[in-house]
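The basis for the numbers below is simple: all heavy atoms, side chains too, and nothing from hydrogens, waters or symmetry mates. Order of listing sets the numbers, starting from 1, for every ligand and every atom in it.
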Amino acid sequence: MARIVMKFGGTSVADLDRIRNVAIRVKREVDAGHEVAVVVSAMAGVTNRLVGWCQELSPLYDAREYDAVVATGEQVTAGLLAIALQTIGVDARSWQGWQIPVRTDGQHGTARIAAIEGAELLRRMKIGQIPVMAGFQGLAPDNRITTLGRGGSDTSAVALAASLQADRCDIYTDVDGVYTTDPRIVPRARKLPRITYEEMLELASVGAKVLQTRSVELAMKERVRVQVLSSFSDAPGTLVVDEDEIVEQEIVAGIAYTRDDAKVTVRRVPDKPGIAAAIFGPLAKAGVNVDMIVQNVSADGTTDMTFTCGKSELPRALSVLDNAGKIIGYAEIATDKDVAKISVVGVGMRSHAGVAGTMFQALAERGINIQVISTSEIKVSVLIAAEYTELAVRALHTAYGLDA
Ligand code: ADP
Ligand code: ASP
Ligand code: MG
């Protein structure tokens with residue numbers, strides 16, 4: 001007998017038939033004698049619609065009210081799954097984040113889980129009642145509802161697994177594992193039977209949304225055994241493991257992309273000490289997450305500073321730069337939302353040279369211009385025009401010998 005947390009994503013609970021299918025999967029584990037807790041996302045598309053409504057009313061919406069709105073999607077699916085389970089004879093009860101409670105910090109929209117008080121859930125699991133927890137949501141220190149950032153129910157599931165000291169956290173989604181790249185845009189992508197925490201963390205952080213970055217971070221820290229599986233098939237999934245559990249390590253584990261970033265160029269700022277601090281200090285203070293940064297060399301004492309941030313943070317970033325305009329002293333601001341960030345990730349990069357070179361060559365051969373580059377120990381990322389996203393990912397997948 002094992003203690004298992006099962007998490008079902010948006011596509012897996014997209015309508016009543018799929019919720020019935022999820023209930024059957026949960027029952028299967030219960031019938032096998034396991035202790036089970038379930039975490040659900042909102043129905044596919046629902047969170048996007050809720051976010052869209054907030055943005056439409058005000059691009060600079062109040063993050064507390066955003067959370068009050070977007071957390072509702074999960075409330076619906078938790079209740080519906082509990083009903084579906086009861087209908088097939090499984091004792092189940094839904095739980096909202098505040099009822100458990102899932103305690104978070106007060107960073108609305110991107111809150112971090114501080115603790116989950118799992119004692120009551122555990123007591124009920126022991127007498128055969130299945131808790132169905134609404135993912136993505138928690139409770140701030142001032143008792144307001146928070147959400148954990150997009151894709152956050154993965155993190156809810158891992159945090160619950162850690163709190164319940166579960167043997168496994170099974171993340172059920174619409175693909176049957178973690179692939180060398182998004183199988184939806186590269187049909188020749190290969191499923192990885194295992195991937196290291198580190199590589200999964202890096203891939204998630206650069207756009208492979210199959211797992212939320214924080215869920216991997218937390219799994220790594222709390223030693224939670226995470227498995228990615230399909231809720232539509234019984235194919236073996238991908239296990240996230242330590243590096244020494246992988247026998248033959250490839251140099252590049254995978255390729256990720258994101259179109260969620262925007263590029264901002266601050267033109268003709270004075271090229272002098274303190275200018276980066278004058279730009280990025282206020283942005284950080286306003287909670288704008290800056291990712292890639294490049295500063296041009298100057299010929300005439302002024303320079304251009306280019307950075308990327310999330311598209312959804314762009315209105316906030318522009319308002320900050322506008323307010324700090326006098327102190328920074330720039331000529332103009334240019335923005336570009338038609339960009340994509342493409343990243344290659346692999347722990348093998350630590351010991352192998354030439355990974356970046358292969359990337360630049362493959363992109364050059366397709367005539368794809370690189371706008372910004374950034375690297376870490378196990379990752380190289382480039383910013384390109386969004387229209388070349390698929391072409392670039394496919395070209396790199398082939399260049400690194402990852403095609404099935
Ligand atoms: P869920 O709603 O179940 O949380 P997500 O849409 O958040 O599902 O994540 C699953 C999606 O992640 C897949 O449909 C796939 O398109 C995408 N994806 C991106 N990169 C990868 C990858 N390397 N391996 C598998 N899926 C990936
Ligand atoms: N429903 C939330 C989202 O769409 C959380 C999740 O799916 O994990 O971001
Ligand atoms: Mg997800």
With no hydrogens and no angle check, do the side chains of [X] and [Y] hold a donor and an acceptor under 3.5 Å apart?
X	Y	answer
D67	T146	no
N48	R150	yes
S215	D154	no
S343	S381	yes

Report task. Record the part of S153 in heavy-atom contact with ligand 2 below 4.0 Å; permitted values are side chain, backbone, both and neither. Result -> both

Report task. Provide the number and element of each atom of ligand 1 under 4.0 Å from a heavy atom of V178. Result -> 24 (N)

Query raised in the report: Considering only heavy atoms of G9, which atoms of ligand 1 have at least one such atom less than 4.0 Å away?
Result: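 What qualifies from ligand 1 is 1 (P), 2 (O), 3 (O), 4 (O).
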
Below 4.0 Å, non-hydrogen atoms only: which portion of [X] touches ligand 1? Side chain, backbone, both or neither.
X	answer
K7	side chain
K209	both
T181	backbone

Query - N/O separation below 3.5 Å, Y179 to ligand 1 - result: yes

Report task. Decide whether an N or O pair under 3.5 Å exists between R184 and ligand 1. Result -> yes

Is the shortest side-chain N to carboxylate O distance from [X] to [Y] below 4.0 Å?
X	Y	result
D291	K341	yes
R259	E390	yes
R112	E217	yes

Query raised in the report: What class does the angle between the rings of F280 and F307 fall in, given that below 30° is parallel, 30 to 60° is tilted and above 60° is perpendicular?
Result: perpendicular

I need the nearest protein heavy-atom contact for [atom]: residue, atom name and distance, please.
atom	result
atom 2 (O) of ligand 1	G10 N, 3.0 Å
atom 16 (O) of ligand 1	D182 OD1, 2.8 Å
atom 11 (C) of ligand 1	D174 OD1, 3.9 Å
atom 4 (O) of ligand 2	R150 NH2, 2.9 Å
atom 3 (O) of ligand 1	T173 OG1, 2.6 Å
atom 25 (C) of ligand 1	G177 O, 3.4 Å

Requested in this report: Kindly confirm or rule out an N or O of D154 lying under 3.5 angstrom from an N or O of ligand 2.
Outcome: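 It does not: no N or O of D154 is found under 3.5 Å from an N or O of ligand 2.
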
Query raised in the report: Do any nitrogen or oxygen atoms of S41 come within less than 3.5 Å of a nitrogen or oxygen of ligand 2?
Result: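 Yes, at least one N or O pair falls under 3.5 Å.
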
I'd like to know whether ligand 2 has [X] as a neighbour, heavy-atom separation below 4.0 Å.
X	answer
G151	yes
E74	yes
G9	no

Query raised in the report: What are the two closest heavy atoms between R25 and M6, and how far apart are they?
Result: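 For R25 versus M6, the nearest heavy atoms are O-CE, 3.8 Å.
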
Query raised in the report: Under the 3.5 angstrom rule, does the side chain of R190 hit a backbone N or O of L402 as a donor-acceptor pair?
Result: yes

Query raised in the report: Hey, does the side chain of D304 reach the backbone of R268 with a donor-acceptor pair shorter than 3.5 angstrom?
Result: yes

Query - From V288, L283, L318, residue fulfilling side-chain contact (heavy atoms from CB on, under 4.5 Å) relative to E313 - result: V288

Query raised in the report: Among the heavy atoms of P183, does any lie under 4.0 Å from an atom of ligand 1?
Result: yes

